[in-house]
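All figures in this text were calculated on a predicted structure; none of them were measured in a lab. All chains are named by letter (A, B, ...) in the order of the sequence lines, taking the proteins before the strands, and each is independently numbered beginning at 1.
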2 protein chains.
Amino acid sequence: MWRDYDKAGLDPILEAALQVFAAKGYHGTTIRELAAAAGLSVAGLYHHYASKQDILFALVTSVMTDLLERVEGALEDSPPDVGSRFARVVECMLHFHLFQREAAFVASTELRSLEGSHRQEYVAMRDRVQAAIETQIVAGLDAGEFSTPFPHEAARAVATLCVGVASWYQPDGEHSPAEVTRRHLELARRLVM
Amino acid sequence: MWRDYDKAGLDPILEAALQVFAAKGYHGTTIRELAAAAGLSVAGLYHHYASKQDILFALVTSVMTDLLERVEGALEDSPPDVGSRFARVVECMLHFHLFQREAAFVASTELRSLEGSHRQEYVAMRDRVQAAIETQIVAGLDAGEFSTPFPHEAARAVATLCVGVASWYQPDGEHSPAEVTRRHLELARRLVM
DNA sequence: CGGCCGACCGATCGATCGATCGGTTTTGTC
DNA sequence: GACAAAACCGATCGATCGATCGGTCGGCCG
């Protein structure tokens, strides 16, 4: 389910890499740190992945695939009205960036560290998420429920707002995830109204 | 003046470092690349800066100081009404992230690469910018012109919106800087209305 | 039991890293 | 034009980088 964040769902090696990448960044992380975090020797790590770049690519691909499936799932079981559908997508995005904070953070900040075609593949997945938001906004305009003169910029702003959550949210912070979601859902609504 | 982006204003060495950092990131950049970009030998580069970390810190400090002075300047010669003052700050932020795109991008993304107290000093400057936005929002609430129930979150959202511009804007893109500014000023207004 | 394969490791590779050395050239001042 | 200071450089340092090597181990299949 798109609201379920209990199960692991990530290769233990990638889960370990995620923690180190989140703390030090891709280029700031050494193969030896990745191996140690995974509880393996350097050679043992290379048995599972061909290179450091391979680890990053497998990680962000796994994370973005998870996000895409959740966004699609959030739309599938949504009430048919545009207001609900827009809220579902935004709520899904907020939940993901709250509950998979480090994964979402690494995926969004290490775009620059992806080499060659890997970067384009990532951007394509990123664009699909943003397109899902824009689709709901345009549908809302057609239905007369939204009135933003700039649906494309509004969609990017909503996405930026949600992605940004992963940059500042702290689990022990002032507000609960539910409250953060409520407030930013309201901010997103104002962007498209 | 806070709208003037003609003059250089940056140490040539830092200007060269800016280009390389923007393209490859701090940890992805070598001292030799920095020296080559500055037209110096490695030893010649070390005559001006004590370390690679020193170069990054001098760069982001210079950039953030510039931004802070512009924000203050934008408020100083503003009409006294809250609507104008809010618009001034947001316009100043948007211009900075449009016309100093690479500098703003590096300053915002390489926060993680700052070591020790340098990071805290940067965060303090960053918070001062966001506080300037929040101050205008609160003033607008007091004056009855704004109505957002979450001024703190709205201020962060406005800042995120402006900073994000540096991540996607391309000078040869579809819209002119003036048009980008106009549209995002409208989005910012909706966030606080 | 014998053979094999995936999982894993210690040791080490060549390359490159950030940084430093002693020494040379350029520049500004009187 | 003497001279000190600033600017700059070739050569090289020890450390560490990503990656690879030959080999060990344990469990599964016949």
Side-chain angles (χ1 to χ4, degrees), chain A residues 8-62 106-107 109-119 121-122, chain B residues 8-62 106-107 109-119 121-122:
Chain A
L10 206 58
D11 176 355
I13 294 180
L14 295 184
E15 178 65 37
L18 173 58
Q19 305 300 325
V20 188
F21 283 156
K24 309 200 171 194
Y26 175 75
H27 284 297
T29 299
T30 70
I31 283 286
R32 285 158 184 83
E33 288 173 325
L34 292 177
L40 291 175
S41 67
V42 173
L45 181 64
Y46 274 99
H47 175 73
H48 296 276
Y49 294 93
S51 67
K52 183 182 170 186
Q53 176 74 197
D54 244 35
I55 296 176
L56 176 63
F57 182 62
L59 176 59
V60 299
T61 299
S62 176
V106 169
T109 56
E110 297 299 351
L111 157 65
R112 59 161 44 189
S113 303
L114 288 173
E115 299 164 3
S117 60
H118 289 169
R119 188 181 312 199
E121 294 181 42
Y122 171 86
Chain B
L10 206 59
D11 176 356
I13 294 180
L14 295 183
E15 177 66 37
L18 173 58
Q19 305 300 324
V20 188
F21 283 155
K24 309 201 170 193
Y26 175 75
H27 285 296
T29 299
T30 70
I31 283 287
R32 285 157 185 83
E33 288 173 325
L34 293 176
L40 291 175
S41 68
V42 172
L45 180 63
Y46 274 99
H47 175 74
H48 296 275
Y49 295 93
S51 68
K52 183 182 170 186
Q53 175 74 196
D54 244 36
I55 296 177
L56 176 62
F57 182 62
L59 176 59
V60 299
T61 298
S62 177
V106 169
T109 56
E110 297 300 350
L111 157 64
R112 59 162 43 187
S113 303
L114 288 173
E115 301 164 1
S117 61
H118 289 168
R119 189 183 312 201
E121 294 181 42
Y122 171 86

Q: I need a per-nucleotide contact map over nucleotides 4-15 of chain C, read 5' to 3'. Cutoff is protein heavy atoms under 4.0 Å; write B for the base, S for backbone only, - otherwise.
A: --SBBBB-----

Q: Determine yes or no for a side-chain-to-main-chain donor-acceptor pair under 3.5 angstrom, with A:Gln19 supplying the side chain and A:Ala37 the backbone.
A: no

Q: Between B:Leu45 and B:Ile13, is any pair of side-chain heavy atoms under 4.5 Å apart?
A: yes

Q: Taking the side chain from A:Lys52 and the backbone from A:Thr29, do they hold a donor-acceptor pair closer than 3.5 Å?
A: yes

Q: Just say parallel, tilted or perpendicular for the rings of A:Phe21 and A:Tyr26, cut-offs at 30° and 60°.
A: tilted

Q: Mind checking the CG-OG spacing from A:Leu14 to A:Ser62? Nearest 0.5 Å is all I need.
A: 6.5 Å

Q: For nucleotides 25-29 of chain C, list the nitrogen or oxygen atoms of the protein found under 3.5 Å from its nitrogen or oxygen atoms, one pair per line.
A:
none

Q: Any carboxylate oxygen within less than 4.0 angstrom of a Lys/Arg side-chain nitrogen, looking at B:Glu110 and A:Arg112?
A: yes

Q: Is there side-chain contact between B:His118 and B:Leu56, with heavy atoms separated by less than 4.5 Å?
A: no

